[in-house]
*Asks:* 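Here it is, the structure, as structure tokens.
This is a predicted model, so every value here is computed, not measured.
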Amino acid sequence: MAKEILDIVDDNGQPTGEVIDRVTAHREGILHRTSHVWLVRMKDSRLQVLLQKRSEEKDSYPGCYDISSAGHIPAGVDFEDSALRELREELGLTADSSELNDCGLIRIQSESFFHGAPFKDDQVSKVFYIWKDVEPEAMKLQVSEVSGVIWMPLDECRRRVRDNSMPHCILPEELDMLPF
């Protein structure tokens, strides 16, 4: 498998001109970029968000519920193009950049152990939301990344993230960036 090459970035998510491979970035905790896309819809008069369940083979947070679609940004690619690519790859959904609603940037820093190895994450993420009322059966999931998806009312998702009543890797601060 080819190495994923990422831009090293500053605190504002701007590339510094240096690159690093993903494995080294997470081993050493080097600042890099990701795009996060939340799918939202109204159903039964409640605002819902789509959560993906991460594959058990993921290098971090295996089996945990996560943002609808997210991914590392390859060197030289921008936030929007990466967000749209991840939607296609992970969920089999196509969208146009005009559908992306920008919620801003968030800095995510954590240190954990997965599969017996240290994992230091330091990323600047651009958070988007997109209105997309699509049933899970209509999605083509990338099984190496996503083992399933569920729609959950946003208020329930916020509560369950805050009280840790489901396995997840979602920051409450990121949920609060959604303007609902």
*Asks:* Counting N and O atoms only, with roles assigned by atom type, does the side chain of Arg160 sit under 3.5 Å from a partner on the main chain of Ser165, one being a donor and the other an acceptor?
*Replies:* yes
*Asks:* Asp21 side chain to Val23 main-chain N or O, any donor-acceptor pair under 3.5 Å?
*Replies:*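 It does hold such a pair.
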*Asks:* Could you walk me through whether Ser110 and Tyr61 satisfy the side-chain contact (heavy atoms from CB on, under 4.5 Å) test, starting with their C-alpha distance in whole Å, then the side-chain angles of each, then the deciding distance to 0.1 Å, before giving a yes or no?
*Replies:* CA-CA 12 Å; Ser110 67; Tyr61 304 99; 3.5 Å; yes
*Asks:* Mind checking the NZ-CZ spacing from Lys120 to Arg27? Nearest 0.5 Å is all I need.
*Replies:* 10.0 Å
*Asks:* Does one side chain, of Gln123 or Asp121, offer a donor that lies under 3.5 Å from an acceptor on the other?
*Replies:*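 The criterion, which ignores hydrogens and geometry beyond distance, is satisfied for Asp121 and Gln123.
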*Asks:* Would you call Asp163-Arg159 a salt bridge at under 4.0 Å N-O?
*Replies:* yes
*Asks:* Nearest 0.5 Å, what's the CD1-CG distance between Ile130 and Leu93?
*Replies:* 8.5 Å
*Asks:* Counting only N and O atoms by type, is there a donor-acceptor contact under 3.5 Å from the side chain of Ser35 to the main-chain atoms of Ser82?
*Replies:* no
*Asks:* Over all heavy atoms of both residues, which pair between Gly13 and Arg33 is shortest? Give the atoms and the distance, please.
*Replies:*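 Smallest heavy-atom distance, with atoms named: O-CD, 3.1 Å.
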*Asks:* Any carboxylate oxygen within less than 4.0 angstrom of a Lys/Arg side-chain nitrogen, looking at Lys43 and Glu135?
*Replies:*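 Between Glu135 and Lys43 there is a salt bridge, with a charged N closer than 4.0 Å to a carboxylate O.
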*Asks:* Can you find a heavy atom in the side chain of Leu171 that is under 4.5 Å from one in the side chain of Ile108?
*Replies:* yes
*Asks:* So does Val127 get a backbone contact from the side chain of Ser125, meaning a donor-acceptor N/O pair under 3.5 Å?
*Replies:*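 Checking the backbone N and O of Val127 against the side chain of Ser125, no donor-acceptor pair under 3.5 Å is found.
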*Asks:* Less than 3.5 Å apart, which donor and acceptor atoms pair up between the side chains of residues 140-147 and the rest of the protein, not counting sequence neighbours?
*Replies:*
residue, atom, partner, partner atom, Å
Glu145, OE1, Lys58, NZ, 2.5
Ser147, OG, Lys53, O, 3.3

*Asks:* Would you say Leu51 and Asp66 make side-chain contact, with heavy atoms under 4.5 Å?
*Replies:*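 Sidechains of Asp66 and Leu51: no contact.
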*Asks:* Determine yes or no for a side-chain-to-main-chain donor-acceptor pair under 3.5 angstrom, with Asp96 supplying the side chain and Glu99 the backbone.
*Replies:*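 No, because the side chain of Asp96 does not come within donor-acceptor range (under 3.5 Å) of the backbone of Glu99.
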*Asks:* Can you check whether Val9's main-chain N or O pairs, donor with acceptor, with Asp7's side chain at less than 3.5 Å?
*Replies:* no
*Asks:* Hey, does Ile73 have a side-chain heavy atom less than 4.5 Å from the side chain of Leu6?
*Replies:*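 A side-chain contact is absent here, since even the closest heavy-atom pair is not under 4.5 Å.
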*Asks:* Output, in order, the C-alpha distance, side-chain angles, deciding distance and verdict of side-chain contact (heavy atoms from CB on, under 4.5 Å) for Val161 and Met166.
*Replies:* CA-CA 7 Å; Val161 164; Met166 67 178 177; 4.0 Å; yes
*Asks:* Any link between Leu91 and Ile150 through a network of hydrophobic side chains (Ile, Leu, Val, Met, Phe, Trp, Tyr) touching at under 4.5 Å?
*Replies:* no
*Asks:* Mind checking whether Phe180 and Tyr129 have ring centres under 6.0 Å apart?
*Replies:* yes
*Asks:* Is Arg158 close to Val49 at the side-chain level, that is, under 4.5 Å between some pair of heavy atoms?
*Replies:* no
*Asks:* Side chains of Pro62 and His115: closer than 4.5 Å at any heavy-atom pair?
*Replies:*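 Touching, per the 4.5 Å side-chain cut-off.
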*Asks:* Evaluate side-chain contact (heavy atoms from CB on, under 4.5 Å) for Trp38 paired with Glu174, printing each intermediate quantity in order.
*Replies:* CA-CA 10 Å; Trp38 290 93; Glu174 181 168 342; 3.1 Å; yes
*Asks:* When you measure from the side chain of Gln109 to the backbone of Asp122, do you find a donor-acceptor pair of N or O atoms at a distance under 3.5 Å?
*Replies:*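 Here the side-chain-to-backbone pair does not exist.
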*Asks:* Do Leu47 and Val149 share a hydrophobic cluster, counting only Ile, Leu, Val, Met, Phe, Trp and Tyr and linking them when any side-chain heavy atoms are less than 4.5 Å apart?
*Replies:* no
*Asks:* Would the distance check show the side chain of Glu28 and the main-chain N or O of Ala25 forming a donor-acceptor pair, the cut-off being under 3.5 Å?
*Replies:*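 Not a single qualifying donor-acceptor pair exists.
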*Asks:* Cluster question for you: counting only ILVMFWY and a side-chain heavy-atom cut-off of under 4.5 Å, with indirect links fine, are Phe114 and Ile30 together?
*Replies:* no
*Asks:* Looking only at side chains, do His32 and Thr34 share a donor and an acceptor under 3.5 Å apart?
*Replies:*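 No, Thr34 and His32 have no side-chain donor paired with an acceptor closer than 3.5 Å.
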*Asks:* Decide yes or no for Asp11 and Leu31: does some side-chain heavy atom of the first lie under 4.5 Å from some side-chain heavy atom of the second?
*Replies:*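 Counting from C-beta outward, Asp11 and Leu31 do come under 4.5 Å.
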*Asks:* State, yes or no, whether a side-chain contact exists between Lys3 and Arg22 at a heavy-atom distance under 4.5 Å.
*Replies:* no
*Asks:* Do Arg54 and Ser60 pair up side chain to side chain, a donor and an acceptor below 3.5 Å, judged on atom types alone?
*Replies:*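 Note: Arg54 and Ser60 side chains meet the donor-acceptor criterion.
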*Asks:* How close do Val37 and Ile67 get, counting heavy atoms only, and between which atoms?
*Replies:*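 Answer, listing the atom of Val37 first, then Ile67: O-CG2, 3.3 Å.
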*Asks:* Apply the test side-chain contact (heavy atoms from CB on, under 4.5 Å) to residues Met152 and Leu50: give CA-CA distance (whole Å), side-chain angles for both, the deciding distance (0.1 Å), then the verdict.
*Replies:* CA-CA 6 Å; Met152 182 179 289; Leu50 184 82; over 6 Å; no
*Asks:* Checking His168 now: which residues fulfil ring-ring contact (aromatic ring centres under 6.0 Å, His included) with it, not counting sequence neighbours?
*Replies:* none
*Asks:* Please work out which of the three classes, parallel, tilted or perpendicular, describes the rings of Phe119 and His26, given edges at 30° and 60°.
*Replies:* tilted
*Asks:* Between the side chain of Arg107 and the main-chain N/O of Asn12, is any donor-acceptor distance below 3.5 Å?
*Replies:* no
*Asks:* Treating Ile, Leu, Val, Met, Phe, Trp and Tyr as nodes and any side-chain heavy-atom pair under 4.5 angstrom as an edge, say whether Leu84 and Phe79 lie in one connected cluster.
*Replies:* yes
*Asks:* Measure the shortest side-chain to side-chain distance between Glu80 and Leu100 over non-hydrogen atoms and say whether it is less than 4.5 angstrom.
*Replies:*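 Yes, side chains in contact.
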*Asks:* Give, for atom OG of Ser97 and atom CG of Asp102, the distance between the pair rounded to the nearest 0.5 Å.
*Replies:*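 Result: 11.5 Å between the selected atoms.
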*Asks:* Is a donor on one side and an acceptor on the other found under 3.5 Å between the side chain of Glu111 and the backbone of Pro118?
*Replies:* no
*Asks:* To the nearest 0.5 angstrom, please state how far the NE2 atom of His36 sits from the OG atom of Ser69.
*Replies:*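 If we round to the nearest 0.5 Å, His36:NE2 and Ser69:OG are 9.5 Å apart.
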*Asks:* The test is salt bridge (charged side-chain N to carboxylate O under 4.0 Å, His left out); show your working for Arg162 and Asp176 and say whether it passes.
*Replies:* CA-CA 11 Å; Arg162 284 189 169 80; Asp176 291 343; 2.7 Å; yes
*Asks:* Linking I/L/V/M/F/W/Y whenever their side-chain heavy atoms sit closer than 4.5 Å, directly or via other members, would Met42 and Leu175 fall into one cluster?
*Replies:*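 Yes: a chain of side-chain contacts under 4.5 Å links Met42 to Leu175.
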*Asks:* Answer yes or no on whether Arg41 is positioned over the face of Trp151, meaning its NZ or CZ is under 6.0 Å from the six-membered ring centre and within 45° of the axis.
*Replies:* yes
